[in-house]
There are 2 protein chains.
Amino acid sequence: MAISLSTLQRLPAYLRILKSLENEEYVSSTLIAQKLNLSNIQVRKDLACVSTSEGKARLGFNREKLIEDIEAFLEIDNTTDVIVVGAGRIGQALMQYKNFENNVNIIMGFDNDLRKCDNKKVFPLDKLQSLVNRMNIHIAILTVPAESAQEVCDLLVRVGIKGIWNFTTVHLDVPEDVIVKNEDLSASLMLLVKQLRKENE
Amino acid sequence: MAISLSTLQRLPAYLRILKSLENEEYVSSTLIAQKLNLSNIQVRKDLACVSTSEGKARLGFNREKLIEDIEAFLEIDNTTDVIVVGAGRIGQALMQYKNFENNVNIIMGFDNDLRKCDNKKVFPLDKLQSLVNRMNIHIAILTVPAESAQEVCDLLVRVGIKGIWNFTTVHLDVPEDVIVKNEDLSASLMLLVKQLRKENE
DNA sequence: TAGATTGTTAATCGATTAACAATC
DNA sequence: TAGATTGTTAATCGATTAACAATC
């Protein structure tokens with residue numbers, strides 16, 4: 001049975017909780033659920049999807065083993081190189097962001113307005129094709145202005161990018177085999193404000 | 001009937017599409033759905049939740065009226081002041097981000113390591129209580145290092161913050177009446193990488 | 001008119017939750 | 001043993017989709 005996206009999205013949170021409980025040999029689904037405000041049944045079901053060994057009645061799951069299992073499932077060890085396209089403030093902040101997991105490595109940026117970003121080089125967009133091909137890149141972080149978002153996206157698709165983390169406010173039109181993950185900061189904050197107002201009604 | 005979170009989250013996208021179709025007087029649910037890869041039924045249901053007037057058979061919805069309705073529903077006109085706590089790279093990039101909607105205004109930042117950010121001032125954390133009270137702030141963007149995330153979160157809750165946009169990798173423990181919206185960039189990118197690998201299996 | 005579109009009611013689908021026997 | 005926990009099967013819940021009459 002394929003894992004659901006909902007389950008997949010909870011795995012990183014489980015991993016964090018497990019890692020934070022340094023002194024425990026066993027961790028129960030009840031404890032994890034409590035810390036994340038989820039139901040223990042849900043946690044158990046999720047873990048059943050990725051765990052290679054069974055939990056122990058009365059004790060819970062072996063913490064180290066479970067961490068290994070989740071990391072193996074998420075393929076944390078296998079590093080993928082990604083690029084940032086658009087070296088504005090957000091793009092630069094992401095290029096310098098230190099907390100990405102080990103499975104991801106931002107190797108360079110692209111922008112027609114050349115800048116240097118710590119130890120990461122920024123190349124002009126006309127170098128995109130050759131560098132993406134040579135370095136075998138399939139994922140791009142898109143942080144260009146809204147006006148050029150679709151145009152640059154089309155370019156990314158043309159050079160063979162298959163996954164786009166989209167920080168622009170534009171809904172990108174892409175072929176079926178390309179995955180876009182939208183990270184519309186403007187919409188996110190607007191919705192948080194709205195939700196909070198609703199709470200207070 | 002209360003609007004569902006799923007519907008709420010699609011509204012900003014509808015708004016963007018509607019605004020981009022500058023020359024149309026009427027816009028159909030079919031067209032919006034097509035542009036966003038959704039079903040037209042879903043779009044219609046969503047719009048029914050927020051639209052004050054009915055759509056017209058054969059034509060669709062009056063574009064300008066619909067924009068007004070969605071904006072009124074999201075309360076885009078009513079500006080809320082928010083603060084950034086943690087003026088590192090991400091925090092600074094957000095403070096200078098120009099694309100937030102009109103309903104949000106980042107008025108200042110807080111960090112013990114004082115910096116200046118364009119025209120926005122950064123204050124030390126011990127000024128938080130008095131400034132949050134005086135300015136009547138209820139929302140904070142949390143961009144501090146993971147190590148101090150829960151501690152600063154507790155402080156935010158103590159001074160009366162009710163909504164936290166959490167950019168740290170830590171799952172925050174908050175009272176029931178505080179809304180946390182997690183924006184874990186590290187988990188997001190890791191999951192995009194994983195999804196893409198899954199596609200290729 | 002024919003055909004595209006709307007809005008609503010019913011059906012489907014998938015995720016979450018409940019129930020419960022098995023285990024240590 | 002008693003009680004906490006697991007894993008699984010069934011029930012519930014909510015969101016999406018299908019069906020279809022009404023409209024212009």
Side-chain angles (χ1 to χ4, degrees), chain A residues 1-14 17-18 21 24-70 73 171 182 191 195 198, chain B residues 1-14 17-18 21 24-70 73 171 182 191 195 198:
Chain A
M1 182 204 58
I3 196 168
S4 77
L5 184 60
S6 322
T7 293
L8 192 59
Q9 286 173 336
R10 283 187 293 265
L11 294 179
Y14 297 159
I17 297 288
L18 288 167
L21 295 166
E24 307 298 324
E25 188 177 355
Y26 288 92
V27 178
S28 75
S29 56
T30 317
L31 180 61
I32 299 175
Q34 195 181 37
K35 288 196 178 277
L36 294 171
N37 295 322
L38 301 173
S39 83
N40 57 356
I41 309 164
Q42 187 171 55
V43 173
R44 233 160 26 244
K45 274 226 162 143
D46 287 344
L47 294 181
C49 296
V50 299
S51 173
T52 58
S53 59
E54 300 192 332
K56 291 211 173 106
R58 189 110 163 77
L59 285 170
F61 297 82
N62 179 291
R63 182 178 148 270
E64 292 188 359
K65 188 79 182 66
L66 195 50
I67 291 177
E68 272 176 35
D69 285 346
I70 299 178
F73 183 86
H171 178 88
N182 291 303
L191 289 176
Q195 277 176 270
K198 204 166 60 174
Chain B
M1 184 205 55
I3 196 168
S4 78
L5 185 59
S6 323
T7 294
L8 191 58
Q9 285 171 338
R10 284 187 292 266
L11 294 178
Y14 297 159
I17 297 289
L18 288 166
L21 296 166
E24 308 298 323
E25 188 177 354
Y26 288 91
V27 178
S28 76
S29 56
T30 317
L31 180 62
I32 298 175
Q34 196 182 38
K35 288 194 176 279
L36 293 172
N37 296 320
L38 301 172
S39 82
N40 56 359
I41 309 162
Q42 187 171 55
V43 174
R44 234 160 26 244
K45 274 224 163 143
D46 287 344
L47 295 181
C49 296
V50 299
S51 171
T52 57
S53 58
E54 301 191 333
K56 292 210 174 110
R58 190 110 161 77
L59 285 171
F61 296 82
N62 178 291
R63 184 178 146 270
E64 291 188 1
K65 188 81 181 64
L66 194 51
I67 291 177
E68 273 177 36
D69 285 346
I70 299 178
F73 183 86
H171 178 88
N182 290 303
L191 289 175
Q195 276 176 270
K198 204 167 59 176

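Bear in mind the structure is a predicted one, so any value in this text is a computation, not a measurement. Residue numbers begin at 1 in each chain, while the letters A, B, ... track the order of the sequences.
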*What is the distance, rounded to the nearest whole Å, between atom CD of Glu54(B) and atom P of dT6(C)?*
12 Å
*Closest-nucleotide 5' rank along DNA chain D - winner of Arg44(B) and Ser6(B)*: Ser6(B)
*Report yes or no: is there a donor-acceptor pair, N or O only, under 3.5 Å between the side chain of Lys45(B) and the base of dT17(D)?*
yes
*Contact summary for Phe73(A) and Leu8(A), nearest pair of heavy atoms*: CE2-CD1, 3.8 Å
*Let me know, please, whether Asn40(B) or Gln42(A) comes out on the 5' side of the other along DNA chain C by nearest nucleotide.*
Asn40(B)
*asked:* Rounded to whole Å, how long is the line connecting atom CD1 of Ile3(A) with atom P of dA15(C)?
replied: 11 Å
_Rounded interatomic separation in angstrom, taking CG from Asn37(B) and P from dT16(D)_ = 15 Å
*Length of the line joining Leu66(B):CG and dT6(C):P, which is rounded to integer Å*: 10 Å
_Separation of dC13(C) P from Ile41(B) CD1 (nearest whole Å)_ = 14 Å
*asked:* In whole Å, I'd like the distance from the CZ atom of Phe61(B) to the P atom of dC24(D).
replied: 14 Å
*Regarding Lys65(A) and Ser51(A), is there a side-chain donor-to-acceptor distance under 3.5 Å anywhere?*
no
*Spacing between Asn62(A) atom CG and dT5(D) atom C1', to the nearest angstrom*: 15 Å
*Ignoring backbone atoms, test whether Arg10(B) places a side-chain nitrogen or oxygen under 4.0 Å from the OP1 or OP2 oxygen of dA15(D).*
no
_Glu24(A), CD: over 12 other non-hydrogen atoms inside 6.0 angstrom_ = yes
*Quick one: is dT6(C) close enough that its OP1 or OP2 comes under 4.0 Å of any side-chain N or O from Ser29(B)?*
yes
*For DNA chain C, whose closest nucleotide is more 5', that of Ser4(A) or that of Lys56(A)?*
Ser4(A)
*For Gln195(B), does the CD atom sit with more than 12 other heavy atoms under 6.0 Å from it, leaving out its own atoms?*
yes
_Protein-nucleotide distance (Ile32(A), atom CD1; dA4(D), atom P), rounded to Å_ = 19 Å
